Structure formats: structure tokens, C-alpha cells
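Only heavy atoms go into these numbers, but all of them, side chains included; no hydrogens, no water, no symmetry mates. Each residue takes its place number in the sequence, starting with 1. Just so we're clear, the structure is a prediction, and the values are computed from it rather than from any experiment.
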Amino acid sequence: MDAVAANLVDRLDRTYGKNLDLTNMVVKQLMTEATKQIDEIGNQALDKYKQALFTTNCVVESMVDIVQDKIEESIPRFQWVRSFFGEKFNVLKATDFHGKPIEVTFDPDSRTDRFQATYKLLTLKLESADAETKLESPLAIALDRQRLAYSYYCAARPSLGGPDGVGHVYVALQAARQEYLALNRLVQDGVR
């Protein structure tokens, strides 16, 4: 991209010198061409990056293993009534950092819905942290959330057959990773 920009400046300098008129059609055409070249370079780099992400080796952990003993799953007692109308859901329950119960419902037949509910429950727990909460506690939840997002990302990829379609999961993974790294830095700084 630097070469494209340098070439544009060089061509403008040789053509117009100090008398550059940005409304001139030739100048506009040169700038449009340079912008197009830079966009093509960016798109090629993004495609290569997506492909590299897709082809990396993944380790899939089960969601149950990741959140074992931290989240309880239950089927509501009135589920049988709702099943007559085709509605079916399970409940994930946990307690926040103040001991208050938090819960999220999900469709038990949908792997995506289960992931999103588990991710949301961990996020709610993480958001309940305050000044009284020891940093190690949110750090542990942030790590679980990162592992959960990574595991789901790895599990979802083979069924898609290509890098397209897992963008929203990858965004969740990156957000979880950034929050975990930020919390980890805080914990490390607190130890020193």
C-alpha cells in the first residue's frame, strides 16, 4: 500500500508540481485508481487472513467440560404443557458474584443456541463483578468464556466447509480473548 501511495504522489508531482488542482479529472482518476489498488490489496490480505484462521488446527472441548460445576442445566416443570404448542426450552442457571441467581433459556436441540446461552450466562456473571470482587474470579470466568467461544468456533467450522459464515463466532471469540487478556494484565500487575 505504501508503494501505491508513493507512486500516486510521484505521478501527481511529475504531472502537476506545485500547481495541483484536486478538481481536475485526471487527478481524480489517478486517486480513484490508487484507492482501487489499495482496496484490492486490503481485500486480498483479508481473504488470506480468513483462510489462515480457518486452516489452523483446533481443539474442541465440550461445553460441559468447560463449565462443569459452574452452570446448572434444568428442564422447566411446565415444559410438557408448552411442548404441545411446539415450544421447547431448557434453562441454564448460575449465581453471580453477589450470590444472586442468573438464568438464560435456550433451545436444547440447537447447538448454536446452547453456545449463545452459555456465553451470555458467563457474560452476565462477568458483568456482576464490582470493586469488592477479587480479580482472580472474573479472570477465571473470562478464561472459561474464551475457551467456550474457541471450542464452538472450532466445532462450527467443519460443518461450513469454508471460512465464510463463522464471522459472528469469531467476533465473540476475539471479544472474549481481549477481555481475558485485559483482566490477566490487571491480575499480573496486582501481583507485582
Side-chain angles (χ1 to χ4, degrees), residues 1-63 66-67 104 106-107 109-127 129 138-189:
M1 286 192 274
D2 288 343
V4 173
N7 182 43
L8 172 65
V9 171
D10 184 50
R11 287 173 72 182
L12 288 172
D13 195 40
R14 279 187 284 126
T15 308
Y16 292 95
K18 302 260 185 224
N19 303 315
L20 186 62
D21 178 9
L22 294 175
T23 60
N24 186 301
M25 279 308 283
V26 177
V27 173
K28 284 184 179 179
Q29 188 175 4
L30 286 173
M31 294 175 89
T32 301
E33 183 182 319
T35 302
K36 183 180 171 192
Q37 289 173 354
I38 288 171
D39 284 346
E40 285 173 5
I41 292 168
N43 288 335
Q44 287 172 356
L46 187 60
D47 287 343
K48 285 182 182 175
Y49 177 67
K50 283 181 180 176
Q51 195 59 44
L53 284 173
F54 192 78
T55 56
T56 54
N57 288 329
C58 271
V59 178
V60 181
E61 290 181 84
S62 86
M63 284 193 258
I66 294 168
V67 295
V104 178
F106 69 98
D107 177 356
D109 297 330
S110 168
R111 190 175 63 173
T112 300
D113 212 32
R114 181 182 293 272
F115 159 72
Q116 289 173 338
T118 310
Y119 190 89
K120 182 177 179 181
L121 193 70
L122 291 174
T123 301
L124 290 171
K125 182 157 186 162
L126 197 58
E127 289 172 348
L139 181 64
I141 299 299
L143 178 59
D144 284 344
R145 201 170 62 147
Q146 177 184 307
R147 288 171 53 213
L148 182 79
Y150 181 70
S151 184
Y152 182 71
Y153 172 73
C154 290
R157 290 185 334 170
S159 63
L160 294 169
D164 295 332
V166 290
H168 66 291
V169 181
Y170 185 72
V171 167
L173 171 59
Q174 289 306 314
R177 184 175 286 154
Q178 287 170 353
E179 287 178 5
Y180 171 73
L181 290 173
L183 282 167
N184 194 35
R185 272 188 235 111
L186 286 173
V187 170
Q188 295 303 320
D189 289 346

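Atom CG of L121 is separated from atom CZ of F106 by 10.5 Å, given to the nearest 0.5 angstrom. Once rounded to the nearest 0.5 Å, the distance linking CD of E127 with CD1 of I141 reads 12.5 Å. For the atom pair I41 CD1 and K36 NZ, the distance stands at 12.5 Å (nearest 0.5 Å).
Annotation: side chain to side chain contact (heavy atoms under 4.5 Å, CB included) contacts of L143 (sequence neighbours excluded): R147, Y180. In terms of the salt bridge (Lys or Arg N to Asp or Glu O under 4.0 Å) criterion, E40 has no residue partners (sequence neighbours excluded). The side chain to side chain contact (heavy atoms under 4.5 Å, CB included) test applied to D109 returns K88, D107, not counting sequence neighbours.
Minimum interatomic distance between Q146 and L173 (heavy atoms only, all atoms of both residues): O-CD1, 3.8 Å. The minimum heavy-atom distance linking A129 with P138 is given by the pair CB-CG, 3.9 Å. Here the closest heavy-atom approach between residue L139 and residue V187 is recorded as CD2-CG2, 3.8 Å. Contact detail for A149 and F115: the closest heavy-atom pair is CA-CE1, 3.7 Å.
Between L183 and L126 there is a side-chain heavy-atom pair separated by less than 4.5 Å.
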Candidate pair D39 and T35, rule side-chain contact (heavy atoms from CB on, under 4.5 Å), full reasoning: CA-CA 6 Å; D39 284 346; T35 302; 4.0 Å; yes

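Between the side chains of Y152 and T118, not a single donor N or O lies within less than 3.5 Å of an accepting N or O.
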